[in-house]
2 protein chains.
Amino acid sequence: MSSHVIITGAGLCGTLLALQLAHRGHKVTLLEKRGDLRKEEMSAGRSINLALSDRGLAALDLVGLRQKALDISIPMLGRLVHIKGGGTTMLLPYSGRAGEHIQSISRPGLNALLLDAADEHPSIDILFNHGVQYADVKGARVIGTKGSTSETFDLTGDILIGTDGAGSEVRNGFMQIGSTIRFNYSLQWLDHGYKELEIPAGAEGTWQIEKNALHIWPRQSFMVIALPNLDGSFTVTLFLAYDGTPGFNHLNTDQEILKFFKDEFPDLVALMPDLIADFKHHPTGALGTVKCGPWHTDRALLMGDAAHAVVPFYGQGMNCSMEDVLKLDQCLDEVSENWPKAFEIYNAGRKKDADAIADLAVENYYEMRDHVDNPDFIAKRAIEMKLEKKYPDYASKYNLVTFCEQHPYSYAKEKGNRQDKWLLAYCNQTDTSNLSEEELERIYKALKEV
Amino acid sequence: MSSHVIITGAGLCGTLLALQLAHRGHKVTLLEKRGDLRKEEMSAGRSINLALSDRGLAALDLVGLRQKALDISIPMLGRLVHIKGGGTTMLLPYSGRAGEHIQSISRPGLNALLLDAADEHPSIDILFNHGVQYADVKGARVIGTKGSTSETFDLTGDILIGTDGAGSEVRNGFMQIGSTIRFNYSLQWLDHGYKELEIPAGAEGTWQIEKNALHIWPRQSFMVIALPNLDGSFTVTLFLAYDGTPGFNHLNTDQEILKFFKDEFPDLVALMPDLIADFKHHPTGALGTVKCGPWHTDRALLMGDAAHAVVPFYGQGMNCSMEDVLKLDQCLDEVSENWPKAFEIYNAGRKKDADAIADLAVENYYEMRDHVDNPDFIAKRAIEMKLEKKYPDYASKYNLVTFCEQHPYSYAKEKGNRQDKWLLAYCNQTDTSNLSEEELERIYKALKEV
């Protein structure tokens, strides 16, 4: 039976969802508060590339867009660590198995791909410049204004799905009836913020540092990362505390900014001619985790960042949000398009996985900035690579999260953390430089049992 | 230096705060969205009596209202447990020391006492029917409407303090600038709700059950409590899951309601002639915990339930909110009325205590309904009474929370939980029916060390 579904937010999750629900035979009205990003200039300094991996790709398979997404991506085969004294480590691969890597992709580029496909579907009506200001999550109704005009809209569907991001207005609708459905909500900020900068392309669109890597400059209590773009540039992100020394609150003058970068990241200073101007003009972004639930009434559902905004340190926010669409699709199959039932089993099954990736993302922040250049951590990663190469059914925590979409995030977190604990203790007590095949076999068996 | 302070919410915390700030020489505008409760009929079924204890009384000392509050209270010397088969246990006293007990007090009665005092103070301007709809917490400004009219008000003070309860509009002002001050917020609901009922007064205003006790009917996964009122009646509260069997969602018909009470609380049925009508007409309330922070900007502060709404199971919500006023007063002393500095040290010192009482209140729910009639628990309480009687410097967890206002809640929680763990293990392994004085001394010393 065909339903009229209102989706708020034409980002990655909302547009993919619109496509898949249209494929299922529903009529979709897709509301987006901003203009059409394919026609507008992007504002600088707001997460313009992301790491696409297997869960996101599996979701794109739903609508046949995997290859088109890969075509606009750059493979990142591992982490390249930039040491404080200068120079880099060897590339630390993301997996011991060939073909298991992540992709750097432009967020607006991928979004445009999805919007182009949605444009072509006759059952999808995309309304840009439609910002929701009030959502009735029991009545599947939204009220808002068109662009910056005073012209209002008032729409009621059979179903309302909020994919309107971390600051979701549909979620506010759930909070307004909070005590009647006992809607739990939590927003926790990190003490660290982020700032986006850029390494411009080299001559003739070449990449000035290794193209096929995710670059990290770990400095214990703060770090810089860089992801490659198709045009030869890199998007560079500094993660740093607001307060404390160093801290964003103490980097105000040109001198302060330049001294900080020269002391900590001298190699970057040479690569970023616009460093000081970018630093001063790009906003400092805050990093928060949203957990909430139940995500549904009988007629409304929250998905993507609206349901579970996570910090970016596992590269899974986008992948998780797109996987949401895959999971909802399976639930709709399971109960033959009975929406309230589908929402209920989706919520029951998905909540623990959203919580798990939220926690993993915070944990990985500490790993990336504090441990990625630690000897035990490096020894552990070397063993993980050997195990992944030799044993097809072994997967490290990172591998479980990133490349094993057959396992839910909650499994990846639990199994992965047990493996990590065992391996770190092992590396701390053992000289791992010359492991025999028998010893590797022993480790493999021990990790199966943890 | 005198400031103009806007306080939103003329409840217990807000009115006490208004009085104390006026005593300090400030000019106070006290806004209350409802009408004057001294002139209006109360709506039935909303927490009309509360347990006043030492922290609340110490705060009332600030404004000289302790005795007036005690004059309208009924001492509750302990818990009287009503067993399922019928009959009660011996009274389980709240302390082994004379004079340490809690008071049942009418919430509107205490509020009226505070409002009467505020009326008399020339520096306090109380504006009833002034509901805040927007708060600018950086500018100490509030906008709202008067009563149910369309007449608006727009006020700016030097300082804005939100004491507008669990659903605080001033807190929404903090959430609106959330990412800039990294305002963490969490609201978590219990799976259980509550319903208020009544045992009416007996002939000539007598109490039909023991007057000087807090009555409990513990039934493992649910419970009823009753607190005495001055007029001879008792306010009775059922705490029960929404879903499950039994659960509020399955108590709809007269038959279902009556059967549930007859099966579980036959003695109560006889005492409550209006049981079924009250059950059907009084709302089912939800029970939530709000944690948030930082509670302040340079010009605005959250206090009371607006900052830390807790579930009612430790009888500390009101006491904690009034103690907030005492603590802020000390901070203002400490920094000679420097508001931003006072807010900062208040927040730094008070947050862990608000978190502690929130957690204790949830923990005590399980204790009250599951353990209060458990043999080890009863043995433990008996030892605690003996210890409190013999050793002036010993205090059980309940005693630390309720009667030891010199210790903060966080200390009470940590020390109290360590003592509980030790004592429960002891009671589980030992026959405690005939403890020698030497053994009691050994226990006393062991508990000092935990």
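All chains are named by letter (A, B, ...) in the order of the sequence lines, taking the proteins before the strands, and each is independently numbered beginning at 1.
- Contact annotation for residues 142-150 of chain A against chain B (heavy-atom separation below 4.5 Å): no residues qualify.
- Residues A:E169 and A:D164 come closest through the heavy atom pair N-OD2, 2.9 Å.
- With a 4.5 angstrom heavy-atom cutoff, A:L287 does not touch chain B via any of its atoms.
- In this structure, B:H192 has its ring center closer than 6.0 angstrom to the ring center of B:Y365.
- With ring centers used as reference points, A:F260 lies under 6.0 Å from A:F222.
- A:K291 forms no cation-pi arrangement with A:Y185, by the criterion of a distance under 6.0 Å to the ring centre and an angle within 45° of the ring axis.
- What you find for B:P312 and B:F239 is that their closest heavy atoms are CG-CE2, 4.1 Å.
- Between A:C331 and A:K341 there is no side-chain heavy-atom pair separated by less than 4.5 Å.
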